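Report on the structure given below.
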Amino acid sequence: MTTLQTIHVLAGLVVLAEALNKLERTAPCKPGLAPRARLVAWLKAIAWALLALGGAGALVAPWLRPTPPTLADVCVIAGFTFLIIRTRFKEG
């Protein structure tokens, strides 16, 4: 595995774990939400679901895609990873 592939897979693992964590806490169907709050919750759920798919894709890419990830692929997922880590440090 190349360095880019390793970074891609590790970043995918972080993004997938955080996305699943956030999806578990998102409740767009919660009773009593105002229409705007419901829309925001749905948009958040969709965004985290897409990030979870992207993270899972990064994890399985070495087996499904014979070519290594591009620098753009790695930069995008690594950027999300750094934002997640930054947020975690900020919370703690």
Side-chain angles (χ1 to χ4, degrees):
M1 216 192 263
T2 67
T3 303
L4 274 182
Q5 284 176 316
T6 304
I7 293 169
H8 195 240
V9 169
L10 292 175
L13 181 63
V14 171
V15 170
L16 178 61
E18 184 69 10
L20 292 176
N21 181 34
K22 295 289 186 176
L23 267 174
E24 185 179 15
R25 298 166 190 237
T26 305
C29 296
K30 183 178 176 181
L33 285 178
R36 180 183 165 132
R38 188 172 308 281
L39 174 64
V40 169
W42 272 110
L43 291 174
K44 184 189 279 188
I46 292 167
W48 283 114
L50 290 172
L51 282 171
L53 287 172
L59 287 176
V60 299
W63 295 279
L64 298 179
R65 182 175 33 177
T67 59
T70 65
L71 183 58
D73 293 335
V74 175
C75 287
V76 168
I77 201 154
F80 279 113
T81 299
F82 280 108
L83 288 173
I84 289 166
I85 292 169
R86 178 194 147 271
T87 302
R88 288 292 179 163
F89 277 126
K90 198 170 146 184
E91 289 174 355

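All of these numbers come straight from a predicted model, not from anything done at the bench.
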Between the CG atom in Asn21 and the CD1 atom in Ile84, the distance rounded to the nearest 0.5 Å is 10.0 Å

Measuring from atom OG1 of Thr3 to atom NE2 of His8, what distance do you get when rounded to the nearest 0.5 angstrom? 14.0 Å

Could you pull out the closest heavy-atom pair between Val9 and Ala58, with the gap in Å? CG2-O, 3.6 Å

Rounded to the nearest 0.5 Å, how far apart are CD1 of Ile77 and CG of Leu10? 10.5 Å

Heavy-atom count around Lys22 NZ within 6.0 Å, excluding the residue itself: above 12? yes

Going from CG on Leu23 to CG on Leu16, what distance comes out if it is rounded to the nearest 0.5 angstrom? 10.0 Å

Can you measure from OG1 (Thr26) to CH2 (Trp48) and round to the nearest 0.5 angstrom? 8.5 Å

Residues Thr81 and Val14: closest non-hydrogen pair is CG2-CG1, 3.7 Å

Partner residues of Thr87 under the side chain to side chain contact (heavy atoms under 4.5 Å, CB included) criterion, sequence neighbours left out: Glu91

Is there a path from Phe80 to Leu59 through hydrophobic residues (I, L, V, M, F, W, Y) whose side chains come within less than 4.5 Å of each other? no

About how many Å separate CD1 of Ile7 and CG of Leu71, when rounded to the nearest 0.5 Å? 9.5 Å

Atom of Gln5, atom of Pro68 and distance for their closest heavy-atom approach: NE2-CA, 3.8 Å

For Gly32 versus Arg38, what's the shortest heavy-atom pair and its separation? N-NH2, 4.2 Å

Check whether any side-chain heavy atom of Arg86 lies under 4.5 Å from a side-chain heavy atom of Phe82, and answer yes or no. no

